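The shown structure was predicted, so the numbers you read here are calculated from the model rather than taken from an experiment. Labels below follow one simple rule: chain letters A, B, ... track the order of the sequence lines, proteins then strands, and each chain is numbered from 1.
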Amino acid sequence: MPFCLEEVSFTYAAGTPLAVQALRGVSLRMEAGEVLGVMGHTGCGKSTLIQLLAGLLVPTHGRVLLDGQDINAPGCDRAALRARVGLVFQYPECQLFEITVAKDVTFGLKHSGLSPAQKEERVRAALETVGFSYERMGAQSPLALSGGEKRRVAIAGVLAARPEILIFDEPIAGLDPMGRERFLALVRRLNAQGTSIVLVSHNADALAQCADRLLVLKDGCVALEGTAEQVFADVEAARRLQVDVSTPRALGQMLTQRGVAVPAGAVTYEGLLSVLKERFCAGGNP
Amino acid sequence: MMKLSLVKRSVITAVCIALCVVLPMAFHAVQNAGSIFLPMHIPVLLCGLICGWPFGLLCGLAGPLLSSLLTSMPPMAYLPVMMVELALYGLFTGVLMRLVRTKNLYADLYISLTGALLIGRVLSGVARALIFAPGSYSMAAWAAGYFVTCLPGLAIQLALIPTIVFALEKAHLIPQRYPKEELNEAA
Amino acid sequence: MSALPAGQFFPGQSVLHALDARAKLLGFFLLLAGVVCAASLPAYAVAFAAAGALLALSRLPARAVLAPLKRLWLFFVLIFAMNALFYERGDALWSWWIFRLSKAGMAQGANVAARVALMMVLSGVLTGTTAPMEITGALNALFKPLALLGIPAQEIAMILGIAIQFIPTLLEETDTIRKAQIARGARFESRSLWRRAASLPPLVVPIFLSAFRRADDLATAMEARGYRGAANRTHRRARPLRRADWFALALCTGVCALHVVLRVCVAF
């Protein structure tokens, strides 16, 4: 299922005095089962990129290919594309509208052609994936839940279609630490089941923990690409691109400056801790 | 719904006026359905139902005016007629919602809505015949314009508005009209 | 939204951009009154010439201002048909059930369609050369005399101001909600009326919920800061109209007067 962008550019209000170029010739290849993190300063083109991936925007130039097929070609089945690529917008809780949680999660399956029993099974599974019991939550009003619970219901609404590729836009913005942990666990679980995931986030710690590869956008171009270790290696370069490095990497940098050399590859707390443990506990001299 | 403060009602009215501009644009962008589904009526009716008649009246006057100024929808030629019609809806939903208290939210909503939609249509038909197009306006044109062509819009309003009010109550964005305790006391 | 919305403001340096918003708004109303009076060919010639001259003076991209006209062709056909078929006066050329086609009706239909087109061009020029906040300010100033009649004009102006500030946010939010529902599998492009109607709740209910949530937040913030009413607020002192503004107003009054004269003197 490789997902490719070929020299994709996108301009809003093209051909008018208000034209704004959001992406400039971005190329990208995503492999099956990969977790891709996307970072960048506000207005760098992140939202445009994911809307192009989900087929909600059509590139001004270039092509978006799924399995080698142009998703914007005239013959392409948009409904099938929507079922394969799931997009969870920022603050997805705003899209809830049904009377009950179960109905809201079923909404996306309306045109799927599944039998009612199959739909219920999908909804049950989706709710369980986000940690809710169908029996307990199904009949409640989604509007009376807490913010974090609403967001999980909204995510279940996208999961019910069983997409192969899931795109999350700022999924942990505004969540408490518990909610954040729960979400990262969900990403790992979904990825282990074979779902490819695109995570757009400002949170470098979360991306360092679960992304296989990171993409840093700046002014509509790919400015940096690589594993978290590679992208966060040069702290100054990241700062120039207006993105944070992960907290452990920043700590490692401070320690290095104060004479305790920590390799640039320690971008997660586990990594940093194991480096420090080796230095200080296994008999080595600091 | 008598517990909304004056400031809250003012801001809700402002938002409803903004929606008078936004919803028709959204409907046009989605499916060119603006003229069939009468999107501008929905915020005006809701404003009257939730905030009361002075605010509903303001929303009905200001909504189409602002929309016409900013997006040229409705066109200026229809603006006065439309302002009168929507102002009447906003006014009478508010008045009826205050008068009708059946202890059942849906019954109140449906009675106020249908009442306001009827009174509004009759009165704006009269206004049209006497003021805007004296002599050239007939019963047939009135029936065609206010009941036949806007049938899909009417159906949408009657289906959507109670749903929206219910959702707003559930989300605690407006106070409940009949809180549980009050009902228990009555029973 | 990748399609440009109607009534978009285009920053620029033209003569019309430089005029005071109050003068533009008043002039706009005068020209509108003129257009409403128009009922003969010479009158329409004057009106179209005036609209064309304004469009040229504004140096706006003509395509952007005229685009709404093109997008609403069906609406024009409808208003023409409504008038042509339901007009009561004149000899009927053809009639069936409640429909009655007449020459006078067709003339009336053409009249209305031309007026609407003219008004759309005029308001396109107004909103194209005047920033939304300036329009509110101008409305605010023009509303002031209402206070003498016991109408809470400043409260109303405040509500209108908040409403205008909410428009871009709510437009963006609407677009996001629409896209989110499409990504979840909603279909808004259906041909059947019934299906299209059924596709509205997933769009409209969340729009109202998020709009009311924003209203709730703002009202709470205003109350927390001790807001009581608009009456005691201070306003930026308005600067007086300049010579160019008066000249523009005089021109608009002249055009309006010409229309009134044409209405009285020239039969169709």
Quiz prompt | L143(A), part contacting chain C, at a heavy-atom distance under 4.5 Å | solution = side chain

Quiz item: Side chain, backbone, both or neither: which part of Q90(A) has a non-hydrogen atom closer than 4.5 Å to chain C?
Solution: neither

Testing the basics here: between [X] and [Y], what is the closest heavy-atom pair and its distance to 0.1 Å?
X	Y	result
I182(C)	R82(A)	O-CD, 3.1 Å
A186(C)	F107(A)	CB-CZ, 3.5 Å
C94(A)	P206(C)	O-CB, 3.2 Å

Quiz item: Under 6.0 Å from the CD atom of Q13(C), do we count more than 12 heavy atoms belonging to anything else shown?
Solution: no

Quiz item: Is the number of heavy atoms from other residues, nucleotides or ligands under 6.0 Å of R59(C) CZ greater than 12?
Solution: no

First locate atom [atom1] of [X], then atom [atom2] of [Y], and finally report the distance between them rounded to the nearest 0.5 Å.
X	Y	atom1	atom2	answer
R184(C)	L87(A)	CZ	CG	11.5 Å
K110(A)	S199(C)	NZ	OG	8.0 Å
I177(C)	F89(A)	CD1	CZ	10.5 Å

Quiz item: Can you list the steps and then say if K179(C) with L57(A) is a side chain to side chain contact (heavy atoms under 4.5 Å, CB included)?
Solution: CA-CA 10 Å; K179(C) 281 179 176 161; L57(A) 295 176; 3.8 Å; yes

Quiz item: With respect to chain A, which residue among G185(C), A183(C), G12(C) yields the maximal number of heavy-atom pairs within a distance under 4.5 Å?
Solution: A183(C)

Quiz prompt | side chain to side chain contact (heavy atoms under 4.5 Å, CB included) assessment of Q95(A) paired with V205(C) | solution = CA-CA 9 Å; Q95(A) 73 197 30; V205(C) 177; over 6 Å; no

Self-check item: Interface residue of largest heavy-atom contact number with chain C, from P163(A), G108(A), G157(A), under 4.5 Å
Solution: G108(A)

